Amino acid sequence: MATDTLKSTPGAGGATSGLRRLLLDNGALTALIVLVVALSALSGDFLTTDNLLNVGVQAAVTAVLAFGVTFVIVSAGIDLSVGSVAALSATVLAWSATSHGVPVVLAVVLSVATGIVAGLVNGFLIAYGKLPPFIATLAMLSVARGLSLVISGGSPIPFPDSVSHLGDTLGGWLPVPVLVMVVMGLAAAVVLGRTYIGRSMYAIGGNEEAARLSGLRVKKQKLAIYALSGLFAAVAGIVLASRLSSAQPQAADGYELDAIAAVVIGGASLAGGTGKASGTLIGALILAVLRNGLNLLNVSAFWQQVVIGVVIALAVLLDTVRRKAGATPVAAGTGGGKGKQAGTYALAAVVTVAVVGATSFLHSGSAASTAPRMGLSLSTLNNPFFVQIRAGAQAEAKKLGVDLTVTDAQNDASQQANQLQNFTSSGLGAIIVNPVDSDAAGNSVKAADKASIPVIAVDRGVNKATVNALVASDNIAGGELAAKTVAEKLGGKGRIVILQGQAGTSAARERAEGFAKGLKAYPGIQVLAQQPADFDRTKGLDVMSNLLQAHPDVQGVIAANDEMALGAVKALGSKAGRSVQVVGFDGTPDGLTAVKGGTLYASVAQQPSQLGRIAVDNALRAVRGQKVEPTVKVPVKVVTKDNVAGFSG
């Protein structure tokens, strides 16, 4: 009786139930609408044409990767290698076209073939080698990234100009990456909904054993599925490298997780059998909108990671609620419901436009802030050196009455390009950039120059673009000074090891060049080994521990930063400061404490707080139209136990 009453209740209750079902059936779309409306209300910079195009560009690479991952997840698999395959494919293109004179068209074919071959290897290991998809693709993640570093020698390779146009705009306003995203999305939708291989994906994901018993050649289908994933990864890598005007061996690091998140947020199940290209696109847009909005709202770079993780969890939770409520999303290719789905999207667009239009009135009458607005994009905040740059910049900004937004690129050149685009579209008075890579930042700085926004580079320069000023220490000169310091401490003779920075970064290359130059003056110094420890203390500990097994007679260590030096000190134990002299780089608080304690002999200090302060000061001068020196050098200084007490970074 109660059930009959509920079913027959007309009016508002039925309408509410219908709306609830509509929202549950389109959870990702609902989340995207809520995000757009909320950010439009919170930030007057969000709802501009330039910024919305930025969102599209920033979603493009993740979306293209995610379309390929959709094929794999629909078939109940997983592909953790797509980010590394994207980097490898781009590296092959740049290496073959620029270093070996291969015609660009053939180089593109080789790049795409590289992605397909990597996918085929994954598929073979899974289908015929019986390896779990997680293990097979995790192995390919490592292999592809390693090959990218081997081919490039750890350094970015300039991208051919004819291919770099993929990162440009058509007609001066429509970004090519957005067009590529749309084309690849349509291709993914056709594959899923209109082809035999697409129907096979759903069959395998729904019940692999049943698919096999029904006559489906599951092993061959898996080869094709992973090959498609590799192809899409190659296209994404080419688009990413085009935006950066260079193939970065460390590019797309961690993008596989974003791609998987986009697919799951879009409504696909990790258990297989469900998923759509349109849902994946919405998932990628949610991630891009969220990152863009958090940048515009000046949310702490550390909190951004927390917020993004929470949103991903909530999106999946909403999907779980939807499934328990009995919502049944239409799988691509099933035919029925396509008209209803298109109507839902059209209704969502109308509602979004109406609500966003209403929220725009919140900003129309607000008074503009009189404080100069600036943005500071740091390569990473996981290193004390850059944390000190931020502290110095924030202190100077507070003193001068400047509204400073700080972002963390997490050593990802693509993420930094997104942040710089956000700064440009927000119409900031000035931009301060500490490049992840000097070449990769060029296009973004050119865009800021075109918008007449002054740009100040700090610590590292920007290539192929004009900045108003470079505030930096000389990494090469600092490297020479470090080499001289350890050589003189050892009396011009001795055995040392060198801990290098993260492969592919300009700081690692320049400091290594300085070490080499400085040691040429001391032929009695023998370099036993040189190994990268990625500017990380834990890796410095591990690498130094390994080197001690092969070279227990080492007498000195040069590390490309204090973090690695402190790891080496830990590995050396009681030898540090006694039989083994360790020299670091940066002059971080922990490094200076170790110098004071005698375990670290010296640190080549760059005075990072001063770098931050001077960068903000010069940016404000540029905003006011005052003269700015093109190069402002902050001198490096060797800090030892003798002078550490009077040193301030």
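Here the structure is a predicted model, which means the values were calculated and not measured.
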Nearest heavy-atom neighbours spanning T466 and D449
O-OD2, 2.7 Å
Any side-chain donor near an acceptor of the partner, N422 and Q58, under 3.5 Å:
yes
Test L281 against M181 for side chain to side chain contact (heavy atoms under 4.5 Å, CB included), laying out the working first.
CA-CA 9 Å; L281 175 60; M181 175 178 69; 3.9 Å; yes
Quick one: which of V92, V109, L93 gives a side chain to side chain contact (heavy atoms under 4.5 Å, CB included) with T114?
V92
Do R390 and V406 have side chains that approach each other closer than 4.5 Å (heavy atoms only, starting at C-beta)?
yes
Measuring only between side-chain heavy atoms, which start at C-beta, is M201 closer than 4.5 Å to V72?
no
Is the shortest side-chain heavy-atom distance between L192 and K276 below 4.5 Å?
no
Which pair of heavy atoms, one from K446 and one from K464, lies closest together, and at what distance?
CE-O, 2.6 Å
Rounded distance [0.5 Å steps], CG in L228 versus CD1 in I116
8.0 Å
May I ask you to decide if S269's main-chain N or O and T274's side chain share a donor-acceptor pair within less than 3.5 Å?
yes
Minimal heavy-atom distance between S96 and A107, with the atoms involved, is OG-CB, 3.4 Å
Taking it one step at a time, do L231 and V112 satisfy side chain to side chain contact (heavy atoms under 4.5 Å, CB included)?
CA-CA 6 Å; L231 185 152; V112 173; 4.2 Å; yes
Go through the steps to decide whether M374 and I431 satisfy the test side chain to side chain contact (heavy atoms under 4.5 Å, CB included), and finish with yes or no.
CA-CA 6 Å; M374 297 181 188; I431 295 173; over 6 Å; no
D79 side chain to V69 backbone, donor-acceptor under 3.5 Å
no
At what distance, to the nearest 0.5 angstrom, does CD1 of I265 lie from CG of D258?
9.0 Å
Quick one: does F46's side chain get under 4.5 Å of L297's, heavy atoms only?
no
Classify the side-chain pair Q419/S377 by whether it contains a donor and acceptor separated by less than 3.5 Å.
yes
So, S425 and N54: side-chain donor and acceptor under 3.5 Å apart, yes or no?
yes
Donor + acceptor pair across side chains of T70, T280 (<3.5 Å)
yes
Contact check, side chains of V436 and D412, non-hydrogen atoms, under 4.5 Å
no
Inter-residue atom distance L270.CG - I260.CD1, 0.5 Å rounding:
7.5 Å
Just by distance, with hydrogens left out, do R243 and N418 show a side-chain donor and acceptor under 3.5 Å apart?
yes
If I compare all heavy atoms of Y255 with all of Q415, which pair ends up nearest, and what's the gap?
OH-N, 4.0 Å
Given side chain to side chain contact (heavy atoms under 4.5 Å, CB included), test V82 with S229 step by step and report yes or no.
CA-CA 7 Å; V82 288; S229 180; 3.5 Å; yes
Side chains of E256 and L65 in contact at under 4.5 Å (non-hydrogen atoms)
no
Assess the side chains of S242 and S164: does a donor N or O sit below 3.5 Å from an acceptor N or O?
no
Hey, mind stepping through S111 and S89 against side-chain hydrogen bond (donor to acceptor under 3.5 Å, both in side chains) and telling me if it holds?
CA-CA 5 Å; S111 173; S89 298; 4.5 Å; no
R373 side chain vs G429 backbone, donor-acceptor pair below 3.5 Å:
no
Check whether any side-chain N or O of D403 sits under 3.5 Å from a backbone N or O of P372 as a donor-acceptor pair, and report yes or no.
no
Kindly write out the residues that satisfy side chain to side chain contact (heavy atoms under 4.5 Å, CB included) with S84, not counting sequence neighbours, or none if the list is empty.
L141, A144, R145
If only atom types and distance count, is the side chain of S43 paired as donor or acceptor with the main-chain N or O of L39 below 3.5 Å?
no
Side chains of L378 and I389: does their closest heavy-atom pair fall under 4.5 Å?
yes
Of the non-hydrogen atoms in I286 and L35, which two are nearest, and what is the gap between them?
CG2-CD1, 3.7 Å
Interatomic distance, F386 atom CZ to L376 atom CG [nearest 0.5 angstrom]
11.0 Å
Between S426 (side chain only) and L428 (backbone N and O only), is there a donor and an acceptor less than 3.5 Å apart?
no
Partner of S379 under side-chain hydrogen bond (donor to acceptor under 3.5 Å, both in side chains), picked from N434, D437, D459, is N434
Which atom of L149 lies closest to which atom of P249, heavy atoms considered
CD2-CB, 3.6 Å
Could you check N295 against T407 for side-chain hydrogen bond (donor to acceptor under 3.5 Å, both in side chains), going step by step and ending with a plain yes or no?
CA-CA 7 Å; N295 283 166; T407 60; 5.5 Å; no
Rounding to 0.5 Å, atoms CG (D45) and CZ (F423) come to a distance of 11.5 Å
Does the side chain of V433 come within less than 4.5 Å of V462's, by heavy atoms?
yes
Side-chain donor-acceptor pair present, S246, Q248, cut-off under 3.5 Å:
yes
Member of V163, N443, D439 meeting the side chain to side chain contact (heavy atoms under 4.5 Å, CB included) criterion with S245
N443
Could you check whether N122 and S81, counting side-chain N and O atoms only, form a donor-acceptor pair closer than 3.5 Å?
yes
Less than 6.0 Å separating the ring centroids of Y226 and F71?
no
Which value, rounded to the nearest 0.5 Å, describes the distance between L53 atom CG and T169 atom OG1?
9.5 Å
